[in-house]
Amino acid sequence: MKPDSHQLPDNASAGTGPQSPSDGPERVARLIHRVAQKDRQAFALLYQATAPKLLGTVLRILRDRGWADDVIQDSYLKIWQKAEQFQDGKSSPITWLVSIARNGAIDELRKHPAGRTTNSDELDEMPGRQTSAQEQLEDQRAANQLNHCIDQLEKDRQDMVRLAYLNGWSREDLASQFEQPVNTVKTWLHRALKQLKRCLES
């Protein structure tokens with residue numbers, strides 16, 4: 001179940017606005033450290049300063065604004081709960097924040113590889129597109145089998161395959177995301193696909 005907005009600390013669910021020049025890494029890091037002390041004002045400022053960046057990352061993965069908004073809300077709850085785990089020397093503050101949002105989006109994609117389930121009201125409005133219970137069951141079995149086989153890959157390869165083949169990311173996008181040369185990404189994907197094929201055929 002998705003958390004309701006009232007579960008976020010006060011003022012944290014305000015609309016996202018443009019980042020200002022003062023929203024540099026040092027300021028973001030200071031805000032995270034204040035959030036670790038459960039400073040609600042700092043949390044609201046952190047949300048305002050970084051939500052557009054995180055939303056952009058999640059939208060690229062899920063390609064659905066409503067779904068992305070849910071993941072962003074969940075991500076900031078995690079940030080509120082885990083801020084004390086941030087360490088300046090290990091990564092930049094925005095990288096740490098983005099990784100939480102990105103992992104949340106990929107987890108959602110893993111749970112719903114064909115997209116989030118359409119609600120009943122929307123189904124009522126599209127009777128011609130409804131599938132039978134048998135077809136839905138077969139689709140779910142196929143999705144479960146695919147997820148099982150993807151889970152056999154190395155962690156980075158799992159994320160890369162889901163982004164590439166379930167969400168249409170280009171090789172260049174993946175190279176940037178995983179900080180690898182494009183040719184390395186192509187090689188990894190080629191090997192991952194051969195492993196997936198063997199798994200699916202077994």
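Taking SG of C149 as the start and NZ of K197 as the end, the distance is 13.5 Å to the nearest 0.5 Å. Here the CG atom belonging to D39 is positioned 8.5 Å from the CG atom belonging to L31, to the nearest 0.5 angstrom. Here the CD atom belonging to Q195 is positioned 4.5 Å from the CG atom belonging to L153, to the nearest 0.5 angstrom. In this structure, the separation between CD on E108 and CG on D64 is 10.5 Å, given to the nearest 0.5 Å. Atom CD1 of I32 and atom CZ of R27 lie 11.5 Å apart (nearest 0.5 Å). Here the CG-NZ distance, from L97 to K53, works out to 11.0 Å after rounding to the nearest 0.5 Å.
By the ring pair (Phe, Tyr, Trp, His ring centres under 6.0 Å) test, H33 is found to be paired with F86, residues two or more places apart in sequence or in another chain being considered. Judged as a side-chain hydrogen bond (donor to acceptor under 3.5 Å, both in side chains), and not counting sequence neighbours, R102 has no contacts.
With contacts defined as side-chain heavy-atom distances shorter than 4.5 Å, the pair D159/F178 qualifies. By the 4.5 Å heavy-atom criterion applied to side chains, K38 and W80 are counted as neighbours. With contacts defined as side-chain heavy-atom distances shorter than 4.5 Å, the pair Q180/L174 does not qualify. For the pair R157 and L189, the minimum side-chain heavy-atom distance is 4.5 Å or more. A heavy-atom distance below 4.5 Å is not found between the side chains of Y76 and V35.
A donor-acceptor contact shorter than 3.5 Å links the side chain of Q152 to the backbone of H148.
Counting only residues at least two apart or on different chains, no disulfide (SG to SG under 2.5 Å) pair has a member in residues 29-98.
Neither side chain, D173 nor S176, offers a donor N or O lying under 3.5 Å from an acceptor on the other.
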request  = For L54 and I94, run side-chain contact (heavy atoms from CB on, under 4.5 Å): C-alpha distance rounded to whole Å, both residues' side-chain angles, the deciding distance at 0.1 Å, then the answer.
outcome  = CA-CA 9 Å; L54 270 61; I94 194 64; 4.2 Å; yes
